[in-house]
Amino acid sequence: MNNEHPIKTGCGRGLCKNAIGRQDRQLNTYDWLADVPGNVDTTDLVEVQFKHTRKGYYHNVNKLELKKGDIVAVEANPGHDIGVVTLTGRLAAIQLKKANLKSSDDIKRVYRIARPVDMEKFEEAKSREHATMIESRQIAKGLGLKMKIGDVEYQGDCNKAIFYYIADERVDFRQLIKDLAATFHVRIEMKQIGARQEAGLIGGTGPCGRELCCATWMKNFVSVGTAAARFQDISLNPQKLAGMCAKLKCCLNYEVDDYVEAGRKLPSKDIVLQTLDNDYHYFKADILAGLITYSTDKNLAANLETITAERAKRIVEMNRHGEKPISLQEDGDTKAPDGPIDLATQENINRFDRAKKKKKKKPRKPGQPKDDKQ
């Protein structure tokens with residue numbers, strides 16, 4: 001039985017072993033070209049992922065036989081860092097284009113596959129991160145800085161530490177850097193993140209019951225506005241629209257394009273449909289299903305009628321030519337108005353006064369008392 005760590009052996013779900021369909025790291029990408037002959041030979045670029053959502057791209061100048069899941073030591077400034085290979089070959093080159101690196105100098109080298117000595121140093125660095133974060137928060141509070149240090153990431157060789165912070169205003173942290181360097185004796189790098197990035201660093205479960213998108217696969221954050229909710233006819237309730245980061249949910253953008261496209265097939269909300277019996281105002285719509293509900297009252301739900309978008313457009317066209325259909329429905333049938341129910345007219349008004357059926361008594365056995373209940 002193979003007891004190796006799943007990050008090195010694959011997922012065992014019928015997928016390519018070298019591709020690793022799932023792994024214990026964020027922003028996982030399934031390498032569907034891993035088993036294609038010659039895929040690795042097309043480029044020496046390798047995608048390496050570090051803590052949380054930080055990724056980097058490196059040249060495999062030493063021609064190492066790398067595959068997804070290998071732990072490697074890569075070039076850093078200064079020293080080296082430890083990360084996990086997440087992509088090789090053609091997909092790594094494609095992902096590099098999406099990274100928008102400003103210069104080729106940002107692409108450093110892969111030194112080697114991590115040795116036991118490298119892993120011991122790496123584990124030592126990781127064990128210091130939480131205590132460093134707590135102490136750095138106290139230092140920032142002592143300096144009176146309006147900022148929050150959300151996380152700390154040590155480089156694999158303990159020569160540098162990245163401090164992720166959140167601040168609503170511009171912060172002068174020059175004295176903070178001096179104090180942190182004097183306290184922890186490492187090179188300090190400050191990186192500002194937003195509320196969405198903080199949620200990705202911390203992780204959690206969303207109201208949908210799944211792990212947060214920003215903590216699993218999202219790398220680039222697109223601005224989300226209330227217009228996305230309006231296009232989908234979602235109630236503008238801040239408590240329901242906000243995610244764990246207290247910002248608008250990123251998933252509001254997932255289906256908005258489909259709703260916009262489907263909404264173009266619906267008539268305008270301001271159009272009033274005229275029939276021989278009444279005038280109908282827009283009430284609500286099932287955009288994807290193409291169904292619209294109209295009401296005879298402009299502000300209240302009265303005599304609701306649901307028709308298709310095609311039927312509504314035909315009625316609009318008839319009204320433009322001065323014609324009025326008998327009703328909104330295709331066959332001319334009218335729906336009975338919703339009004340108070342008079343129980344006196346109901347045939348089953350006496351249904352509550354039904355006589356109970358008498359149970360037949362069993363014959364009394366000889367010697368049995370008369371008052372014995374059956």
Side-chain angles (χ1 to χ4, degrees), residues 24-27 46-58 71-86 99-103 105-111 114 118-143 145-203 212 214-216 218-221 245:
D24 64 345
R25 294 205 160 246
Q26 297 167 305
L27 303 186
V46 176
E47 182 186 74
V48 179
Q49 183 170 337
F50 304 94
K51 185 179 180 181
H52 297 307
T53 59
R54 187 168 69 92
K55 285 186 176 183
Y57 297 89
Y58 300 86
I71 303 177
V72 294
V74 298
E75 180 183 2
N77 186 20
H80 70 271
D81 205 350
I82 302 296
V84 178
V85 176
T86 51
N100 295 324
L101 297 181
K102 297 180 180 180
S103 65
D105 297 336
D106 296 331
I107 306 177
K108 297 181 173 60
R109 298 172 296 168
V110 176
Y111 284 148
D118 297 328
M119 295 306 300
E120 291 177 4
K121 194 73 173 178
F122 175 73
E123 295 297 335
E124 178 188 350
K126 295 301 154 186
S127 64
R128 297 170 55 184
E129 290 179 348
H130 182 71
T132 301
M133 179 185 66
I134 300 301
E135 190 172 353
S136 62
R137 287 180 177 178
Q138 297 174 353
I139 296 175
K141 184 178 181 181
L143 294 175
L145 300 178
K146 295 181 179 180
M147 59 183 293
K148 175 186 175 183
I149 298 178
D151 194 16
V152 177
E153 179 184 2
Y154 269 94
Q155 194 169 278
D157 57 0
C158 293
N159 287 333
K160 186 175 75 170
I162 302 176
F163 291 79
Y164 298 94
Y165 72 95
I166 303 170
D168 296 331
E169 302 175 356
R170 187 174 181 179
V171 179
D172 184 4
F173 45 72
R174 288 176 293 183
Q175 184 60 40
L176 175 64
I177 294 178
K178 294 179 181 178
D179 294 346
L180 293 177
T183 303
F184 303 113
H185 307 288
V186 293
R187 183 176 179 180
I188 306 298
E189 179 181 345
M190 304 296 296
K191 183 174 290 188
Q192 186 174 5
I193 59 175
R196 300 182 190 276
Q197 287 85 348
E198 182 190 24
L201 293 176
I202 298 174
L212 298 180
C214 55
T216 50
M218 288 187 67
K219 184 176 180 180
N220 300 320
F221 296 94
C245 58

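Looking at every heavy atom in both residues, Ala181 comes nearest to Ile188 through N-CG1, 3.8 Å. Here the closest heavy-atom approach between residue Val186 and residue Cys158 is recorded as CG1-O, 3.2 Å. Between Leu212 and Gly203, the closest heavy-atom pair is CD1-C, 3.9 Å. Smallest separation of non-hydrogen atoms from Phe50 and Gly56: CE1-N, 4.1 Å. Smallest separation of non-hydrogen atoms from Gly156 and Ala125: O-CB, 4.5 Å. Counting all heavy atoms, side chain and backbone alike, Pro78 lies closest to Asp157 at O-OD2, 3.9 Å.
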Q. Are Gln155 and Arg187 close enough, and set up right, to give a side chain to side chain contact (heavy atoms under 4.5 Å, CB included), and what steps lead you there?
A. CA-CA 10 Å; Gln155 194 169 278; Arg187 183 176 179 180; over 6 Å; no

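Expressed to the nearest 0.5 Å, how far CD1 of Ile139 lies from OG1 of Thr183 amounts to 4.0 Å. The line from CG of Leu180 to CD of Glu135 is 9.0 Å long, rounded to the nearest 0.5 Å. In this structure, CD in Glu189 is found 4.5 Å from CD1 in Ile162, a value given to the nearest 0.5 Å. For the atom pair Lys141 NZ and Met147 CE, the distance stands at 14.5 Å (nearest 0.5 Å). Between the CD atom in Gln138 and the CG atom in Asp179 there is a gap of 13.0 Å [rounded to 0.5 Å].
For the pair Glu129 (side chain) and Tyr154 (backbone), a donor-acceptor distance under 3.5 Å is present. A donor-acceptor contact shorter than 3.5 Å is absent between the side chain of Glu47 and the backbone of Lys55. Using a distance-only test at 3.5 Å, with no hydrogens or angles considered, a donor-acceptor pair links the side chain of Glu75 to the main chain of Arg109.
Scored by the ring-ring contact (aromatic ring centres under 6.0 Å, His included) test, Phe173 finds Tyr165 as partners (sequence neighbours excluded). When the side chain to side chain contact (heavy atoms under 4.5 Å, CB included) test is applied to Glu123, the partners found at least two apart in sequence or on another chain are Met119.
Using a 4.5 Å heavy-atom cutoff, the side chains of Met190 and Val171 are not in contact. With contacts defined as side-chain heavy-atom distances shorter than 4.5 Å, the pair Thr132/Ile134 does not qualify. Lys121 is not listed as a side-chain neighbour of His80, based on a closest heavy-atom distance of 4.5 Å or more. Side chains of Gln197 and Tyr164 form no contact here, defined as non-hydrogen atoms less than 4.5 Å apart.
The pair Lys108-Asp81 does not meet the salt-bridge criterion, since no charged nitrogen lies less than 4.0 angstrom from a carboxylate oxygen. Salt-bridge annotation for Glu153 and Lys191: absent, with no side-chain N of the basic residue lying under 4.0 Å from a carboxylate O of the acidic one.
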